[in-house]
Protein chains: 2
Amino acid sequence: MTMKRQPIREYISLATVAARAGVSVSTVSRIVNGEMRRASPATVARVLDAIEAVGYRPNPVGRALQRGQSQLVAMIAANLDNPAMATIASSTEAALREAGYVMVLCDTHDRPELQDEYLYAMRAQMVCGYVLVAAVPSRGLSELSASGAPTVFVSRRNPVGNGPFVGIDDCAAGAAVADYFANLGRRVPAVVFPRLGSSASRDRVSGFLAKLRERGWSDKAIIQADGEGRSHLQVGYNAGARIFGGSDTPDSILCVSDQIAYGVNRRALERGLKIPGDCDIVSIDGTPLNQWVAPWLKSIEIPYAVYGAEIVAGLQLIWRGESFGERLLPYKFG
Amino acid sequence: MTMKRQPIREYISLATVAARAGVSVSTVSRIVNGEMRRASPATVARVLDAIEAVGYRPNPVGRALQRGQSQLVAMIAANLDNPAMATIASSTEAALREAGYVMVLCDTHDRPELQDEYLYAMRAQMVCGYVLVAAVPSRGLSELSASGAPTVFVSRRNPVGNGPFVGIDDCAAGAAVADYFANLGRRVPAVVFPRLGSSASRDRVSGFLAKLRERGWSDKAIIQADGEGRSHLQVGYNAGARIFGGSDTPDSILCVSDQIAYGVNRRALERGLKIPGDCDIVSIDGTPLNQWVAPWLKSIEIPYAVYGAEIVAGLQLIWRGESFGERLLPYKFG
DNA sequence: GACAACTTGGCAAACGTTTGCCAAAGATGT
DNA sequence: ACATCTTTGGCAAACGTTTGCCAAGTTGTC
């Protein structure tokens with residue numbers, strides 16, 4: 001009944017090399033790992049030749065078992081369909097490969113149960129590190145947090161504690177947009193954000209509001225619209241209905257993500273508004289795609305393409321036992 | 001100098017369970033693997049309890065080493081920044097997880113050397129299957145092809161042989177667009193495609209051309225523009241310069257991908273053309289994002305979100321030793 | 001009462017790697 | 001000549017799993 005699984009092929013192992021070079025497996029292992037002083041130059045040369053001749057590559061599985069840790073790094077991301085996360089995934093993958101690691105990608109669709117399932121599965125895989133992009137609170141995350149496993153949080157801070165973080169200064173970004181609107185002479189600003197916000201969303205909104213207050217706005221003069229939806233596109237579209245349906249129509253809108261801006265814009269078009277013109281929209285994300293499909297959108301540009309390098313640098317610090325608090329990357333605006 | 005790596009934690013192994021249940025490791029192993037007849041009901045119950053009590057999960061690394069094959073599936077994709085591929089990656093990841101596998105994601109940026117590097121690295125990881133999305137010809141791919149390892153090609157057919165394929169009927173899709181233009185009474189059709197084409201691009205173009213010929217167009221009456229660029233956005237933008245700069249301006253354009261359409265559209269806007277109106281653009285891809293950011297674009301909609309399920313179904317057929325030629329999924333148009 | 005057949009479960013080898021420890025041989029110092 | 005140290009390299013255990021084989025114990029049949 002049950003299929004018997006056959007190995008796909010015989011692998012070239014240390015034993016193969018050892019036999020060919022006429023030495024023991026341990027000697028080859030040490031040379032492979034760069035312990036050149038443990039063998040005479042003649043032996044080293046012989047072994048190196050044999051490695052070359054048979055095309056040996058260390059088997060990561062055997063190594064993982066012995067070391068109790070694989071060369072796999074788990075990236076657990078909330079939603080790959082979001083181009084920003086796709087870019088983070090892509091750049092992290094490239095940086096990890098360069099450093100000799102292999103990335104496992106897990107898409108949680110923002111669901112805590114799925115996040116936990118992945119967290120447990122990855123622990124079983126003996127991964128040597130975790131990259132959590134926009135993590136949600138969950139039991140498994142608390143355990144991970146407590147276990148002290150090498151972890152870097154990206155975009156959203158650790159929702160159940162603290163830990164190394166790579167992102168931008170969200171508060172400052174929100175404030176920058178507020179300044180921009182104020183300097184432009186806008187009178188009726190609005191801000192759109194998801195109802196179930198993350199630390200990032202909250203900070204962007206509060207930075208925006210704080211700066212506007214500083215520049216003379218009263219709280220009720222600022223339109224705040226949260227939207228619901230499983231994607232930020234929906235969030236923006238839903239919030240747009242309320243923004244453009246109220247008594248005051250805003251002349252300037254901050255959307256905390258590109259996708260929200262797309263949703264708001266669609267609603268605006270349906271209502272016959274001109275963007276920009278009747279109303280300016282600014283978003284925070286600024287993926288390159290905007291230049292192609294949303295030239296009407298001005299953005300705070302987050303350097304997602306360099307996130308990967310920062311994330312891997314952070315992991316390497318942690319692996320070396322050094323500390324890594326947070327790395328706030330500069331954004332571009334205007 | 002060199003850091004000594006410490007295992008993150010002690011893992012709960014078969015030995016832990018065996019000690020607690022008072023049986024041998026082999027007995028536990030057999031029960032974990034569902035061989036219930038090899039032990040008395042009483043023993044089985046005791047072992048199951050122990051498993052529950054200590055929270056045992058099989059270690060995939062040990063298993064992989066013993067079986068000569070891991071539960072990892074390699075997805076090697078040409079360009080994650082393309083939303084279509086991101087959707088394929090996402091849906092495949094979900095389907096694999098459901099089937100108990102773990103996906104490793106590799107982004108080759110369309111570069112053969114990188115594709116080879118990944119192919120070799122994944123072989124060393126003892127992956128149990130390969131999903132190649134938009135593969136490019138390379139030495140390693142030929143070797144993989146020859147080795148008979150379980151492989152599914154997606155979107156683009158195997159460029160160095162043949163093998164299981166998941167995609168759409170590209171030829172028919174191109175023809176459908178041709179019919180659409182003809183029925184609409186368009187006179188000056190154009191087609192835009194990347195200079196370095198894949199089987200998919202070529203088939204879409206040739207299907208389009210063949211149908212137009214069938215409906216009375218001469219070859220020179222059809223504008224064909226190939227574009228260069230590292231992304232399809234660039235391809236479209238570059239080809240757009242030639243299309244809109246020639247003597248004949250087309251009244252209808254087929255772009256073989258969404259991203260090319262974005263590029264063409266940008267060029268059209270720069271030239272002051274109205275889309276649609278002066279010129280219809282139709283693309284092949286039809287990602288959901290279009291509805292939000294490119295309402296001007298009509299598309300053949302490829303069901304990327306269900307690719308994952310088909311890919312995994314294909315892999316499972318292959319693992320079972322059954323054959324799996326190709327699966328052409330239905331697309332939606334209009 | 002003898003013998004076969006089945007049930008139940010353990011032993012041990014194997015997968016590929018790493019590494020602590022030991023042994024042989026050569027080099028150096030007295 | 002002897003003690004000590006260094007160089008060179010192998011042995012064997014360990015990581016967690018699977019599985020062929022064997023050894024008891026139980027049951028059934030004549």
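Residue numbers start from 1 in every chain, and the chains themselves are labelled A, B, ... in the order their sequence lines are given, proteins ahead of strands. Values below: all heavy atoms of this structure, side chains included; hydrogens, waters and symmetry mates excluded. Just so we're clear, the structure is a prediction, and the values are computed from it rather than from any experiment.
- In terms of position along DNA chain D, the nucleotide closest to Ser26(A) lies nearer the 5' end than the nucleotide closest to the other residue of the pair Val32(B) and Ser26(A).
- In plain terms, the two heavy atoms of Leu105(B) and Ala89(B) that are nearest each other are CD1-CB, 4.3 Å.
- In this structure, CD of Gln66(B) is placed 16 Å from C1' of dA14(D), rounded to the nearest angstrom.
- Phosphate proximity of dT17(D) to Tyr56(B): present, with a side-chain N or O under 4.0 Å from OP1 or OP2.
- Rounded to whole Å, atom P of dG16(D) lies 18 Å from atom CD of Gln71(B).
- Heavy atoms of Val61(A) sit nowhere under 4.0 angstrom from any nucleic acid atom.
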Inset, instruction - Decide yes or no on salt bridge (charged side-chain N to carboxylate O under 4.0 Å, His left out) for Glu93(A) and Arg97(A), but give the supporting numbers first. - result: CA-CA 6 Å; Glu93(A) 194 271 340; Arg97(A) 179 190 50 76; 5.2 Å; no
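- Ile31(A) places its CD1 atom 15 Å from the P atom of dT19(C), with the value rounded to the nearest Å.
- With rounding to whole Å, Arg57(A) atom CZ is found 16 Å from dT17(C) atom C1'.
- Nearest nucleotide to the Val23(B) side chain, out of dG10(C), dT8(D), dG16(D): dG10(C).
- Between Thr27(A) and dG10(D), a side-chain N or O to OP1/OP2 separation shorter than 4.0 Å is present.
- For Ile12(B) and dC15(D), the CD1 to P distance is 15 Å, given to the nearest whole Å.
- Rounded to whole Å, the distance from CG on Leu65(A) to P on dT17(C) is 12 Å.
- Ser29(A) comes within contact range of at least one nucleobase, with a heavy-atom separation under 4.0 Å.
- Of all heavy-atom pairs between Tyr11(A) and Arg123(B), the closest is CE2-O, 3.4 Å.
- Ser231(A) and Asp81(A) share no donor-acceptor pair across their side chains, judged by distance under 3.5 Å alone.
- Remark: Asn59(A) is not in phosphate contact with dC15(C), judged by side-chain N or O atoms under 4.0 Å from OP1 or OP2.
- Judged by atom type and distance alone, Arg67(B) does not reach the base of dG16(D) through any side-chain donor-acceptor pair under 3.5 Å.
- No N or O donor and acceptor, one from the side chain of Arg63(A) and one from the base of dG16(C), sit under 3.5 Å apart.
- Within the 4.0 Å cut-off from OP1 or OP2 of dG9(D), at least one side-chain nitrogen or oxygen of Thr43(A) is found.
- In this structure, Arg38(A) atom CZ and dC11(D) atom P are separated by 14 Å, rounded to whole Å.
- Side chains of Val131(B) and Ile88(B) form no contact here, defined as non-hydrogen atoms less than 4.5 Å apart.
- Rounded to an integer number of Å, the gap from Leu14(A) CG to dG10(D) P is 13 Å.
- Take the nearest nucleotide of DNA chain C for Arg30(B) and for Met126(B): the residue whose nucleotide is more 5' is Arg30(B).
- Residue Ser40(B) is in sugar-phosphate contact alone, with no base atom involved, counting any heavy-atom pair closer than 4.0 Å across all strands shown.
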